[in-house]
Chemist: 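The structure under discussion is supplied below as structure tokens; questions concerning it will follow.
These figures come from a predicted structure and were not determined experimentally. Order of the sequence lines fixes the chain letters, A, B, ..., with proteins taken first and strands second; residue numbering starts at 1 for each chain.
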Amino acid sequence: MNLQFEIERIPKKNVGLIQKLLMEWAKDNKIPFPWQNNRNPYYALVAGVCAQQTQMSRILEIFNRWIDSFPTIEKGANASRAEILQVWGNAGYPRRAANLHKTLKICVNKYDSIIPHDEDLLIQLPGVGPFTASIIQIFGYGIDKTAIDTNITRIYGRVICGDPQPVHESDPKLIQIVAAQLLPSGKAHIWNPTLMDFGATVCTAKPKCDSCILKKICVARPKLHSGIELLPTKKTSTFMNSNRYWRGKILKILREKNNNSENFSRKNLVVSLTKDLDLQEKLQKLIDDLAKEELIWLQENMVGLGDSPGSNRNSN
DNA sequence: AAATCGGGGTG
DNA sequence: CACCCAGATTT
């Protein structure tokens, strides 16, 4: 595909029109969040990590819980892994919390307790990829750019590129370039969340084109209107009895034990989860995996939340 | 490129 | 039960 050709094909007057229509939509529909207006890189980092693969309706509670417990970079860095995981709770993908913990330690030890603003440095931090790096730059440092997420890919892929299912059909590099052209100068901290909210409520996976303010402009509208079949965005495997299901069960129990300062043996952990011998064997492997990821510790015949016994001590 | 990593919610 | 989600990392 000739990217240059595709870019120049964007009707210039549509750029201004799309910006105008969405900014008007934002007045009534954009949802405000506490990390969007105060240029706090730490808040932006935490929010970005919380947002990974998680609906916005859940994020404020997780974000507030984290900030209440660890109001500064240093507080987070100096917390124990067990405390980190306890606060993360049932937010999902606990690996995110562990990586965020590591990232805070790196910022304290290597960057003088400052979160970098440079993208090359940001994406080297554990758990920080292109999206989260952009979130930090946009909300933390007021840098004018686009954080490409699933919503923005979908909106631009449809409205500009004409692909009904951009996640499968649109070239990510083209989305990047389109996004840069559509960005209203100086408004990244408003524009990005507006697009995301629009993608979460109107230009959804199964779009609500009837109520879409861009339907006259959207290049993919005719195809979508024809009622073509929309494929799943990604393969979904059955959650029940999956590794992820059992990992979640294990961590949930260990959070409760840690919260009550109870000791717990590895054997009792496994037996409390199942009497099935084959499944017990599978759980043993998952426990080893969790320990390797430093989400739980193993010592003698005991097991616990975090990277080392003694949940109230720092683990630096 | 494909698999893996939670958990809550919707239909 | 299938699918979705303000992704990142490993295989």
Side-chain angles (χ1 to χ4, degrees), chain A residues 30-36 43-63 85 88-100 102-103 119 122-140 145-156 165-168 171-172 175 179 188-201 203-208 229-255 285-286 289-290 292-296:
Chain A
K30 179 188 163 308
I31 304 165
F33 286 104
W35 55 87
Q36 291 178 350
Y43 283 12
L45 165 63
V46 174
V49 172
C50 289
Q52 293 167 12
Q53 288 295 285
T54 305
Q55 288 92 332
M56 291 310 288
S57 57
R58 296 185 61 199
I59 292 182
L60 188 57
E61 180 182 354
I62 305 166
F63 174 86
L85 294 174
W88 192 255
N90 66 346
Y93 289 153
R95 179 179 296 171
R96 287 184 292 169
N99 279 335
L100 178 52
K102 291 181 190 170
T103 280
E119 175 168 16
L122 284 170
I123 60 179
Q124 290 177 37
L125 296 168
V128 177
F131 168 80
T132 305
S134 296
I135 292 294
I136 294 168
Q137 292 180 302
I138 292 164
F139 298 119
K145 62 182 295 187
T146 301
I148 305 293
D149 77 321
T150 175
N151 292 299
I152 289 177
T153 298
R154 206 166 46 231
I155 295 168
Y156 286 149
Q165 295 232 256
V167 64
H168 298 307
D171 181 349
I175 298 291
H189 67 294
I190 300 171
W191 183 246
N192 279 286
T194 296
L195 284 172
M196 293 171 186
D197 290 346
F198 187 73
T201 56
C203 197
T204 49
K206 298 187 192 313
K208 300 164 173 58
E229 184 185 2
L230 297 177
L231 280 59
T233 54
K234 58 179 72 171
K235 272 193 238 176
T236 56
S237 43
T238 304
F239 181 62
M240 184 60 65
N241 288 326
S242 65
N243 283 358
R244 290 145 92 161
Y245 171 83
W246 287 111
R247 283 168 58 103
K249 288 280 191 193
I250 292 167
L251 285 176
K252 180 176 167 64
I253 290 180
L254 292 182
R255 283 199 302 272
K285 181 191 179 309
L286 294 181
D289 290 344
L290 286 166
K292 282 178 193 153
E293 294 175 51
E294 297 178 314
L295 296 173
I296 69 175

Chemist: Is the backbone N or O of A/Phe239 less than 3.5 Å from a side-chain atom of A/Ser242, with the two atoms forming a donor-acceptor pair by type?
Modeler: yes

Chemist: In Å, rounded to the nearest 0.5 Å, how long is the span from CD of A/Gln52 to OG1 of A/Thr132?
Modeler: 4.0 Å

Chemist: Considering only atom P, compute the distance from C/dA8 to B/dG8 and round it to an integer number of Å.
Modeler: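 My reading of the P atoms in C/dA8 and B/dG8 gives 22 Å.
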
Chemist: Taking the side chain as every heavy atom from C-beta outward, state whether A/Gln165 and A/Leu230 have any atom pair closer than 4.5 Å.
Modeler: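 Contact flag for A/Gln165/A/Leu230 side chains = yes.
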
Chemist: What integer distance in Å separates A/Asp149:CG from C/dA6:P?
Modeler: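 About 7 Å, once rounded to whole Å.
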
Chemist: Starting at atom CD1 of A/Ile148, determine the distance to atom C1' of C/dA6, rounded to an integer number of angstrom.
Modeler: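 Value for this atom pair: 12 Å.
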
Chemist: Answer yes or no: is there a donor N or O on one side and an acceptor on the other, between the side chain of A/Thr204 and the main chain of A/Lys206, under 3.5 Å?
Modeler: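 Yes.
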
Chemist: Let me know the distance between CZ of A/Arg154 and C1' of C/dC5, rounded to the nearest Å.
Modeler: 9 Å

Chemist: Between A/Ile123 (CD1) and C/dG7 (P), how many Å, whole number?
Modeler: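 After rounding, the gap between these two atoms is 17 Å.
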
Chemist: Taking atom P of B/dA1 as reference, at what distance in whole Å does atom CG of A/Asp171 sit?
Modeler: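 Distance check: A/Asp171 CG to B/dA1 P gives 11 Å.
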
Chemist: Rounded to whole angstrom units, what separation is found between the CE atom of A/Met56 and the P atom of C/dC5?
Modeler: 14 Å

Chemist: Please work out if A/Glu61 contacts a base, only the sugar-phosphate, or nothing of the nucleic acid, heavy-atom cut-off 4.0 Å.
Modeler: nothing

Chemist: When the P atoms of C/dA6 and B/dT10 are compared, how many Å lie between them, rounded to an integer?
Modeler: 14 Å

Chemist: Look at the side-chain N and O atoms of A/Thr236 and state whether any lies under 4.0 Å from the OP1 or OP2 oxygen of C/dC4.
Modeler: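 Checking A/Thr236 against C/dC4: no side-chain N or O falls below 4.0 Å of OP1 or OP2.
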
Chemist: What does the B/S/- profile of nucleotides 2-11 of chain B look like, 5' to 3', with a 4.0 Å heavy-atom cutoff to protein?
Modeler: -S-BBBB---

Chemist: Rounded to whole Å, how long is the line connecting atom CG of A/Asp197 with atom P of C/dA6?
Modeler: 9 Å

Chemist: What integer distance in Å separates A/His168:NE2 from C/dC4:C1'?
Modeler: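 Rounded to the whole Å, the gap is 12 Å.
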
Chemist: Do A/Asn241 and A/Trp246 have side-chain heavy atoms sitting under 4.5 Å apart?
Modeler: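 They are in contact (side-chain heavy atoms under 4.5 Å apart), so the answer is yes.
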
Chemist: Would you tell me if any nitrogen or oxygen in the side chain of A/Thr204 comes within less than 4.0 Å of OP1 or OP2 on C/dC4?
Modeler: no

Chemist: Would you mind telling me which residue lines up with the more 5' stretch of DNA chain C, A/Asn99 or A/Trp35, judged by nearest nucleotide?
Modeler: A/Trp35

Chemist: With a 4.5 Å heavy-atom cut-off, do A/Gln137 and A/Leu122 have their side chains touching?
Modeler: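 Yes, their side chains come closer than 4.5 Å.
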
Chemist: Base, sugar-phosphate, or nothing: which does A/Val49 touch, judged by heavy atoms less than 4.0 Å apart?
Modeler: nothing

Chemist: Among A/Tyr43, A/Phe33, A/Trp88, find the residue that satisfies the ring-ring contact (aromatic ring centres under 6.0 Å, His included) test when tested with A/Phe63.
Modeler: A/Tyr43

Chemist: Using a heavy-atom cut-off of under 4.0 Å over every strand shown, decide if A/Phe33 touches base, sugar-phosphate, or nothing.
Modeler: base

